[in-house]
Amino acid sequence: MSLNIFMNTKERILHTALQLFNEKGVSKVSSKSISEEMGISYGNLCYHFPKKDDVILRLHQNLLDELDETFESVEREISEFDFVLISLKNMMKLTEKYCFLFFSSHELQLKYDQIRIKSIDRAKVYHNLLLRISDFLMANGYMNVDEDKESVKMFIHGLLIVYNSWITDSRIYYSEKEPLSKVDYYLKVLFSLLRPSLTKKGVEAFWTIYKK
């Protein structure tokens with residue numbers, strides 16, 4: 001496993017743990033196995049992260065920080081359809097990067113109050129931002145204006161469910177023979193859900209950006 005030589009020990013631990021968690025699952029990886037993979041002493045690892053729980057919580061916070069950065073960019077550029085779509089694609093890449101957190105989402109939220117509380121709080125923030133995006137889409141002719149607010153809210157909830165579960169679905173059903181990359185394939189799935197609510201202008205704009 002190649003590690004960036006400019007990483008400090010703490011960053012290397014998180015990098016290695018993320019790879020192992022993604023490959024083997026949380027339950028099959030211990031702090032000791034992380035230290036062995038890195039070639040450092042168990043005591044050295046515990047100096048930075050006394051428990052495996054600390055590593056998991058730090059990685060979850062890293063995911064939230066990276067997602068927040070993407071959402072902040074969307075808020076600044078919400079008037080640009082292509083930027084919103086590209087940001088969604090970047091968010092899906094983050095899901096892939098931290099896939100173990102989604103594979104084990106239910107168990108982790110039951111075990112760690114911090115993860116459950118932060119996940120609920122962020123979901124509210126993301127839901128409100130998506131409502132603003134839908135308002136922008138309707139105001140600029142990308143989305144049908146006859147969509148009532150309650151239907152839009154339910155639709156957004158559905159999109160968030162798909163976003164949070166697509167990576168798990170891909171592990172079972174996605175085929176490497178598929179001509180599209182994993183992210184592009186599931187972005188297309190999301191679009192298939194959104195398409196009935198889009199105008200002709202919205203559909204054309206999606207395909208223009210999607211094919212870039």
Side-chain angles (χ1 to χ4, degrees), residues 1-4 15-26 28-29 59-60 62-71 73-74 77-106 108 122-123 126-127 129-130 133-134 136-138 140-144 147 152 154-212:
M1 185 180 295
S2 175
L3 295 179
N4 191 318
H15 177 88
T16 302
L18 179 59
Q19 300 303 313
L20 291 176
F21 289 153
N22 285 345
E23 292 168 11
K24 301 181 180 182
V26 174
K28 294 183 179 179
V29 177
L59 286 171
H60 180 258
N62 285 355
L63 167 64
L64 294 183
D65 290 345
E66 292 185 50
L67 283 173
D68 284 350
E69 186 176 334
T70 299
F71 266 86
S73 298
V74 173
E77 305 290 344
I78 202 169
S79 62
E80 300 293 333
F81 182 87
D82 56 345
F83 188 84
V84 171
L85 188 60
I86 291 168
S87 295
L88 174 59
K89 189 170 184 177
N90 289 337
M91 286 170 55
M92 294 178 74
K93 289 179 179 178
L94 285 176
T95 304
E96 192 171 29
K97 176 180 176 181
Y98 293 93
C99 62
F100 85 93
L101 289 168
F102 294 86
F103 292 148
S104 308
S105 177
H106 181 65
L108 293 176
R122 286 310 198 289
Y126 302 159
H127 191 278
L129 179 57
L130 288 172
I133 291 173
S134 68
F136 158 75
L137 293 176
M138 286 188 280
N140 289 273
Y142 294 108
M143 190 172 178
N144 296 320
E147 299 288 339
V152 171
M154 295 296 288
F155 178 68
I156 288 173
H157 189 180
L159 287 179
L160 288 172
I161 290 172
V162 174
Y163 170 75
N164 286 322
S165 62
W166 76 268
I167 193 69
T168 302
D169 184 272
S170 73
R171 173 160 283 193
I172 301 170
Y173 298 109
Y174 177 79
S175 171
E176 296 298 336
K177 295 179 182 179
E178 170 65 44
L180 297 175
S181 71
K182 193 179 295 183
V183 168
D184 282 330
Y185 175 82
Y186 282 93
L187 186 62
K188 191 175 179 181
V189 171
L190 282 172
F191 170 66
S192 72
L193 299 176
L194 181 61
R195 183 167 185 165
S197 298
L198 294 179
T199 62
K200 181 180 178 182
K201 177 182 177 181
V203 172
E204 291 174 349
F206 174 89
W207 283 117
T208 299
I209 304 305
Y210 177 81
K211 292 175 182 178
K212 282 186 177 180

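Between the NE2 atom of H60 and the OG atom of S105 there is a distance of 8.0 Å, given to the nearest 0.5 Å. With values rounded to the nearest 0.5 angstrom, S197 atom OG is found 5.0 Å from F155 atom CZ. For the atom pair F102 CZ and T168 OG1, the distance stands at 9.0 Å (nearest 0.5 Å). Taken from CG in L94 to CG in N90, the straight-line distance is 7.0 Å, to the nearest 0.5 Å. The CD1 atom of I156 lies 4.5 Å from the OG atom of S134; values are rounded to the nearest 0.5 Å. Once rounded to the nearest 0.5 Å, the distance linking NZ of K89 with CE of M92 reads 9.5 Å.
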Practice item. Carefully, step by step, assess L137 and I133 under the rule side-chain contact (heavy atoms from CB on, under 4.5 Å). Key: CA-CA 6 Å; L137 293 176; I133 291 173; 4.2 Å; yes
Practice item. In sequence, state the C-alpha distance, the side-chain angles, and the governing distance for F206 and Y142, and then conclude on side-chain contact (heavy atoms from CB on, under 4.5 Å). Key: CA-CA 9 Å; F206 174 89; Y142 294 108; over 6 Å; no
Exercise for review: Give the C-alpha distance, both sets of side-chain angles, the deciding distance and a yes or no for side-chain contact (heavy atoms from CB on, under 4.5 Å) between W166 and K182.
Suggested key: CA-CA 10 Å; W166 76 268; K182 193 179 295 183; 3.7 Å; yes
Point to revise | R195/V203 under side-chain contact (heavy atoms from CB on, under 4.5 Å): CA gap, chis, key distance, verdict | key: CA-CA 7 Å; R195 183 167 185 165; V203 172; 4.0 Å; yes
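Partners of E204 by side chain to side chain contact (heavy atoms under 4.5 Å, CB included), not counting sequence neighbours, listed by chain and number: K200. Take D169 and apply the salt bridge (charged side-chain N to carboxylate O under 4.0 Å, His left out) test, not counting sequence neighbours, and it matches no residue.
Counting heavy atoms from C-beta on, the side chains of L160 and L130 come closer than 4.5 Å. Side-chain atoms of L63 and L59, non-hydrogen and from C-beta on, never get closer than 4.5 Å to each other. L20 places none of its side-chain heavy atoms less than 4.5 Å from the side chain of F100. W207 is listed as a side-chain neighbour of F191, based on a closest heavy-atom distance under 4.5 Å.
A donor-acceptor pair under 3.5 Å is formed between the side chain of T199 and the backbone N or O of G141. Formation of a donor-acceptor pair under 3.5 Å by the K201 side chain with backbone atoms of N140 is found in this model. The closest donor-acceptor contact from the side chain of Y186 to the backbone of Y163 lies at 3.5 Å or more, if one exists at all. When atom types are taken as modelled, the side chain of S170 and the backbone of I167 share a donor-acceptor pair closer than 3.5 angstrom. With hydrogens and angles disregarded, no donor-acceptor distance shorter than 3.5 Å links the side chain of Y185 to the backbone of L180.
Closest approach of Y126 to L64, counting heavy atoms only: OH-O, 4.4 Å. What you find for S104 and V26 is that their closest heavy atoms are OG-CG2, 4.2 Å. Closest of all the heavy-atom pairs between K28 and K24 is CD-O, 3.5 Å. The nearest pair of heavy atoms linking N144 to P196 is ND2-O, 3.4 Å.
Between the side chains of S181 and D184, at least one donor-acceptor pair of N or O atoms lies under 3.5 Å.
Residue pairs meeting the salt bridge (Lys or Arg N to Asp or Glu O under 4.0 Å) criterion with at least one partner in residues 93-102, sequence neighbours excluded, are E66-K97.
Within a 6.0 Å radius of NE2 in H127, more than 12 heavy atoms belonging to other residues, nucleotides or ligands are found.
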